[in-house]
There are 2 protein chains.
Amino acid sequence: MADDVNVKGMDESDPTIALTDRGLAYGDGLFETVLLRDGAARLWDEHCERLSQGARRLGFEPPSREWLDALPERAPAGEQVLKIMLTRGSGGRGYRPPLPAEPRCYWQFMPFSPMPARWDSGVNVRLCRLRLARQPALAGIKHLNRLENVLARQEWQEDAIAEGILLNDCDQLVEATAMNLAWHDQGQWWTPALTECGVEGTLRRALVERGHLTVTEHAPLSRLLNSQTACLFNSVQGLWPIVTCCDPDNQHLLAQWPIDESVRRLQREAHTLLGHVFNLPTS
Amino acid sequence: MADDVNVKGMDESDPTIALTDRGLAYGDGLFETVLLRDGAARLWDEHCERLSQGARRLGFEPPSREWLDALPERAPAGEQVLKIMLTRGSGGRGYRPPLPAEPRCYWQFMPFSPMPARWDSGVNVRLCRLRLARQPALAGIKHLNRLENVLARQEWQEDAIAEGILLNDCDQLVEATAMNLAWHDQGQWWTPALTECGVEGTLRRALVERGHLTVTEHAPLSRLLNSQTACLFNSVQGLWPIVTCCDPDNQHLLAQWPIDESVRRLQREAHTLLGHVFNLPTS
């Protein structure tokens, strides 16, 4: 099954999927967005591992690593994002999955330009109204059931607000709508545990494994607001220092942070992993 | 927008959807499964209403009622199920939805045969291990983020088990994987409130509105297990009496129920709404 995975990509003549695909019907699948520079994928081990772990969590066989390894080679030159969608394919009876499943893999390349102004000057964020539901069976993996992220991102339109901070339904810190979250305090960088909700970013995993981030559980919003400095990051955009956080109505400033040497150090580690050219602080 | 909704159906030559559709990328959409008899849709008002309410909850304009009304007319003769999928379409930046959205509607007809043996003799069910996460922002609507239902339905393979009972993460009764749940006690039929999770079935809505079902909050599993009789129902299959419920390991019988006159009365109401020929009890 892993060897004869069905394959269809945007570079083929017919960039469509079957109407019966369970990826559409139920969000029954996973995705990855991978940074590529001249066909070289960044954090590729982490992306392949998360995709495979996700498929096993959902109960179907992932494509082999050899098969996946052939994807980045197809990329156009320059900075690109490779989006991979892996679904359980068609079949089954209603929610009941087919056994064995015949997974399908779709991919597309999109040109990518990072936002160095956000690396240098940091970003303004807001607290989201939506609270993430806690579902350990789906936590951590990058599955296709992303309505919570869509609803959260729909809460604001102001371009001056780069991201929204998400709490779970116990008002504990989790992540941002499309990035992971960290804050610096007591001489360490902390990031929330993602065992109940949230997506375990590949850059987050790499930074945790290298000892640059410490995972912490049950952190209330006050841990972020009272921290010395804070940041958001993912494997495509890199690391953005957070300079302000406002409330959901954009009326009150909840906290502001300096862009200090500790955030520059973490940014340097992150951007080295991603191959982003690290810009020296402008101040 | 509601008037120029993009439309594609299985009866067209190319039963595929765009790879960029947000319905696939994020489960950003809704669906309905409608029982049709010779082109006449059952509980059509309820289906159209739930679809429209769902689109508004997700933040996009639903197709007009006039547009929807043209769908059942296309049906082949006999008993059919019309599946409608309504997505936010393509576009936006990542999770951020496009404004305005250009929703797309996909549909397909499938021949349907009910299971009268389950109407007559009832079904065996099991308690699911998975607990539904509570997310009020998505509760009640029939959105495309259905991985919880898929994981729950994947818990068992035995054909003798027709359905699985789902509790929320506070161990309160919610529904079954693809049907709503009711139990009879103190002279009334009760069904769990769906304000935190679960799908508000159209048959459930019709039975509640007509006073045949009373909605109850925060019901623990014991309310079901200690009830006089119990049943599952949806707008396609009709109403199945439950005769036994076993534990997740299929080792222990948690409860068994008679098929009594109260469940036959509710079944008669349900099947009248659906136009199912009501079979007299065999016993």
Side-chain angles (χ1 to χ4, degrees), chain A residues 8-10 14-29 31 33 57-60 83 85 87-88 92-97 99 106-108 129-139 141 143-154 156-157 169 177-178 196-197, chain B residues 8-10 14-29 31 33 57-60 83 85 87-88 92-97 99 106-108 129-139 141 143-154 156-157 169 177-178 196-197:
Chain A
K8 197 166 218 180
M10 277 296 267
D14 181 21
T16 58
I17 71 155
L19 193 50
T20 56
D21 197 293
R22 297 174 62 94
L24 173 66
Y26 309 128
D28 195 359
F31 71 112
T33 48
R57 288 266 295 280
L58 297 187
F60 63 92
K83 179 165 182 176
M85 285 186 282
T87 77
R88 205 190 300 256
R93 280 183 67 91
Y95 295 130
R96 185 176 184 173
L99 272 179
Y106 307 93
W107 76 89
Q108 60 184 127
R129 273 183 210 94
L130 182 126
R131 295 292 182 266
L132 293 171
R134 287 167 299 131
Q135 176 50 274
L138 295 171
I141 63 175
H143 56 70
L144 295 173
N145 279 200
R146 299 263 72 106
L147 272 174
E148 289 186 321
N149 305 65
V150 172
L151 291 183
R153 185 59 189 83
Q154 197 169 230
W156 81 97
Q157 297 299 330
D169 58 5
T177 70
E196 297 194 303
C197 49
Chain B
K8 195 166 218 179
M10 277 296 266
D14 180 22
T16 58
I17 71 156
L19 193 51
T20 55
D21 197 292
R22 297 174 63 94
L24 174 66
Y26 309 128
D28 195 358
F31 72 112
T33 48
R57 288 266 295 278
L58 297 187
F60 63 92
K83 179 164 182 178
M85 286 186 282
T87 77
R88 205 189 302 256
R93 281 183 67 93
Y95 295 130
R96 185 177 184 172
L99 272 180
Y106 307 94
W107 75 90
Q108 59 184 127
R129 274 184 210 93
L130 182 126
R131 295 291 183 266
L132 294 170
R134 288 166 300 130
Q135 177 49 275
L138 295 171
I141 63 175
H143 55 69
L144 295 173
N145 278 201
R146 299 263 72 107
L147 272 174
E148 289 186 319
N149 304 65
V150 172
L151 292 183
R153 185 57 190 83
Q154 196 169 230
W156 81 98
Q157 298 297 329
D169 58 5
T177 70
E196 297 193 305
C197 48

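Convention: sequence-line order gives letters A, B, ...; per-chain numbering from 1.
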Under 4.5 Å from any heavy atom of chain A - which part of R57(B): backbone

Between chain A and each of A137(B), P97(B), G94(B), count heavy-atom pairs under 4.5 Å; write down the option with the most. P97(B)

Toward chain A, the part of R88(B) with a non-hydrogen atom under 4.5 Å: side chain

Between L138(B) and chain A, with a heavy-atom cut-off of 4.5 Å, which part of the residue counts as in contact: side chain, backbone, both or neither? side chain

Mark yes or no for whether R96(B), through its side chain, and W156(A), through its backbone, hold a donor-acceptor pair below 3.5 Å. no

Counting C-beta onward and ignoring hydrogens, is there a side-chain heavy-atom pair between M85(A) and I17(A) closer than 4.5 Å? no

Engaged part of L99(A) at the chain B interface, taking heavy atoms whose separation is under 4.5 Å: side chain

Relative to chain B, which segment of Q157(A) carries a heavy atom at a distance below 4.5 Å: side chain, backbone, both, or neither? both

Q135(B) side chain near L147(A) side chain, heavy-atom distance below 4.5 Å: no

Among R153(A), E148(A), Q154(A), which one satisfies side chain to side chain contact (heavy atoms under 4.5 Å, CB included) with L130(A)? E148(A)

Under 4.0 Å between a Lys/Arg side-chain N and an Asp/Glu carboxylate O for D169(A) and R134(A)? yes

Kindly assign one of parallel, tilted or perpendicular to the pair Y26(A) and Y95(A), based on the angle between their ring planes and the thresholds 30° and 60°. tilted

Below 4.5 Å from any heavy atom of chain A, which atoms of T33(B) appear? Answer side chain, backbone, both or neither. neither

